[in-house]
Structures are given as C-alpha cells and as structure tokens.
Amino acid sequence: MNDTMLNIKNLTIHYETESGIVHAVENLNLELGRGESLGFVGETGAGKTTTALGIMRLIPNPPGKIKSGEIIFNGEDLLTKSESEMRKIRGEKIAMIFQDPMTSLNPVMTVDKQIAEMIRLHKNVSHSEALKLAGDMLELVGIRRERMHDYPHQFSGGMKQRVVIAIALACDPELLIADEPTTALDVTIQAQVLELMKELKQKFSASMILITHDLGIVADICDKVAIMYAGRVIEYADKRSLYTHPVHPYTRGLFKSVPSIDEDVDELPVIPGLMPDPVNLPSGCAFHPRCNMAIDECKNLQPQMQEAEPGHFAACPLCVRKFINGEALS
Ligand code: SF4
C-alpha cells in the first residue's frame, strides 16, 4: 500500500491572461500510494482542477502553462512525455471523470459505442468484442444491457454519470481522478453514485484522487486528505488524523462551518472574507487576511509544510508549534 504511484514535486501552473498572471498552482507537492484514495478539498479557485488537468497534461496552452515541477507517475515524469505517449497514458493508465456528464458524453453517439471507442483506443480487440465489453461495463455500473444502444439524452443525470464512470473504468486504469463527480446531481443520486465509485474502486483496486469541496464525501471515501488554498496544499494527512485534530486555521475554519446533527446552532461560523484573487495573491501566507491567528510576520513569510505528527503536515509554523507543544488552537 505504501508503494508510491504518484509523486508531484514543486508543481507550478500559471495562466497568462489580459489581467495578469493567474497563479493557479504554486509549488505543489503531493504523494499518492498504490491503491490509496486521496481527497483533494478546497473552495472554488483553490487550484484543485488545475492540478488534476496538470496530471493529465490537459492544461489549455495558451493561456495555461506548467512553469515547473515534476509529476512522477509509476517512476516516470509525465512532464517529459510526448503528446502521443500521453494519449496512451490517458484512459489506459489514468482516467478522469468530470463534473458534468453532459460535457463528457457525445450526444449523437449511443453509449455502447462511446465505451467501445475507448476500449478500442487502448486494447487490441475487435469492434464486436469491444461492444460486448461495453455492455459488461454498463451492467457493472448498474445499467441494464438492453439500454446499451440508447443515446445520452435518454438517461437521467445519475445514469449519465454512471456511463461516464463506465467509460473511465473501461480500460482498468491505475489512477482515477474524479473532479466533483456528483456536483451536478441531486442529493439521493449523489449518494448512489458515490457508493458505486467506492465499490468499483475496491473492485478495480485503482488509486483515486477525488476532488471536492465536501468534507463529508471525503470522510466516506478517502484514506488521505489534502486541503488546498490559493494554489497550495496547506494541510495533508490521513483522514483520521485530519478529522480528529485539524491543525491549519483554514482547515479548522472549514470544519467549523460544517453543520453537526449533535449541535443546535442558529448560525454556522464562517471563514471571513473570500479566496484571494489569484492574479494578486497577498504577500507571505496567502491566508493571512482571513486568519484569526495571523501575526505580523505572516505577511512576509511563505509558510512551508511542517510535520505536526507522523504523516500529518500543515503549512503554518505557528499552529504546528502550538500543536506539538500541546497548546490550544483557537
Ligand atoms: Fe495564519 Fe499566519 Fe498560520 Fe498563515 S502562517 S495560517 S496567517 S497563523
């Protein structure tokens, strides 16, 4: 389990726009073990999707550019691969599920053909074999084989997302990246789709990166959690450690803003202010204008990740020190 599958080192991705350089991802470091699932949590604009697109080498260029870093997947740096090598890796080794199934599916092609197309792209099988496998995949995600010749518009939102999952898993990828896979679905369907993803992750023994802003979903599915803020990972730990004692003030603010069924409160606490403009990030710790523990030096120091307890890292020297000394974190 501890065999590292993905190791991202100092990844920096910028978008060059008319209003200036968007610092979407800055010096990001991250590791994912084989068979592990990592929850990637943060507000809109934190850089989660950009990181995922970076791993897939799908950053639109221009305006986007991977400025520096390494993305080591199975011991090889994806940033040194040619476009044709990446085409083989996408789908076969790393697959991605996007938020809105309608943007991932071809509206004028029946779903069996869409799954079969992916299979034939990566596997040496005949057209009829690929169609048979497509039917198997549909059954695996809970869609009856009789519906394999239907078009996407004949399915509900939840069923469409099941088709997308079938396409993603059709070539048995080693890494599955799911970008807010249930955001476009209503709540009961969300639960079904998440349950399905959990089952399939076990069945296919794939590693998974689940991008979400929902800490509840992460608690249900993931082994490890990375919290992102303004293009950087600001806390990283295994789920139990992070949920029992979050260290970074931003992570603690996120937890406080989640409603609890045990507490009767009139108003939930919120983190004051907004995610900073990525074109004009604040100096020093980008969280300092919103941080209830900020001191003057936070405006000048770029906090690095420090280990608070084994395997639990946070980018706030003040809080890590307090945590290690057993002092209360406000
Ligand atoms: Fe807050 Fe300072 Fe820690 Fe940043 S470094 S999270 S501003 S206390």
Side-chain angles (χ1 to χ4, degrees), residues 8-14 20-31 38-48 50-51 69 211-215 218-219 222 224-258 267-330:
I8 304 179
K9 297 180 190 170
N10 300 318
L11 181 66
T12 295
I13 305 175
H14 289 170
I21 293 174
V22 175
H23 299 259
V25 174
E26 285 291 329
N27 272 316
L28 182 134
N29 292 286
L30 209 60
E31 255 188 55
L38 172 77
F40 220 26
V41 181
E43 293 169 77
T44 304
K48 310 181 298 293
T50 300
T51 305
I211 297 175
T212 180
H213 54 265
D214 189 328
L215 286 161
V218 171
C222 300
K224 298 230 167 115
V225 192
I227 308 284
M228 256 192 115
Y229 187 81
R232 292 175 190 266
V233 173
I234 50 96
E235 188 152 7
Y236 172 79
D238 66 72
K239 177 174 64 183
R240 181 177 291 274
S241 179
L242 190 111
Y243 279 63
T244 331
H245 26 72
V247 172
H248 196 282
Y250 177 66
T251 314
R252 285 184 285 117
L254 286 182
F255 276 105
K256 283 186 194 145
S257 63
V258 175
E267 212 175 303
L268 284 169
V270 290
I271 303 170
L274 297 169
M275 178 78 76
D277 176 358
V279 176
N280 280 308
L281 288 176
S283 63
C285 173
F287 187 56
H288 84 256
R290 303 173 74 186
C291 180
N292 60 357
M293 290 181 69
I295 52 176
D296 270 352
E297 60 184 84
C298 299
K299 293 181 190 158
N300 303 315
L301 272 181
Q302 181 58 66
Q304 301 301 312
M305 292 288 260
Q306 293 183 4
E307 197 162 29
E309 59 180 337
H312 186 157
F313 300 83
C316 174
L318 186 66
C319 298
V320 169
R321 195 168 60 234
K322 281 182 171 234
F323 180 82
I324 291 172
N325 293 338
E327 294 170 42
L329 299 167
S330 61

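Remember, predicted model here, so these are calculated numbers, not experimental data. Nothing fancy with the numbering, it's 1 onward along the sequence. First listed ligand is number 1; within each ligand, the first listed atom is number 1.
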Looking only at protein heavy atoms, which one is nearest to [atom], and what is the separation?
atom: atom 3 (Fe) of ligand 1; answer: Cys316 SG, 2.3 Å
atom: atom 2 (Fe) of ligand 1; answer: Cys298 SG, 2.3 Å
atom: atom 1 (Fe) of ligand 1; answer: Cys291 SG, 2.3 Å
atom: atom 4 (Fe) of ligand 1; answer: Cys285 SG, 2.4 Å

| query | If you count the atoms of ligand 1 from 1 in the order shown, which ones are under 4.0 Å from a heavy atom of His248? | reply |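 So the atoms of ligand 1 that pass are 6 (S).
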
| Interfacing atoms of ligand 1 (cut-off 4.0 Å, heavy-atom, Pro249) |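 Those qualifying, in numeric order: 6 (S).
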
| Member of Glu235, Arg252, Gln306 meeting the side chain to side chain contact (heavy atoms under 4.5 Å, CB included) criterion with Cys319 |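 The passing option is Arg252.
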
| task | Determine whether more than 12 heavy atoms belonging to other residues, nucleotides or ligands lie under 6.0 Å from atom CD of Glu309. | result |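 Atom CD in Glu309 is packed in, count exceeds 12.
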
| message | For Asn292, I'd like to know if atom CG has over 12 heavy atoms of other residues, nucleotides or ligands within 6.0 Å. | response |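 Enclosed.
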
| task | Side-chain contact test, heavy atoms from C-beta onward, threshold under 4.5 Å: evaluate it for Tyr250 versus Glu43 and give yes or no. | result |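 Yes, their side chains come closer than 4.5 Å.
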
| task | Give the ring-plane orientation class for His248 versus Phe287, where under 30° counts as parallel, over 60° as perpendicular and anything between as tilted. | result |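 Rings of His248 and Phe287: tilted, as their planes differ by 30° to 60°.
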
| Would you say Cys319 contacts ligand 1, with heavy atoms under 4.0 Å as the rule? |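 Per 4.0 Å heavy-atom rule, Cys319 does not contact ligand 1.
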
| Distance (rounded to the nearest 0.5 Å) between Ser283 OG and Asn300 CG |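 Output value for this atom pair is 6.0 Å.
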
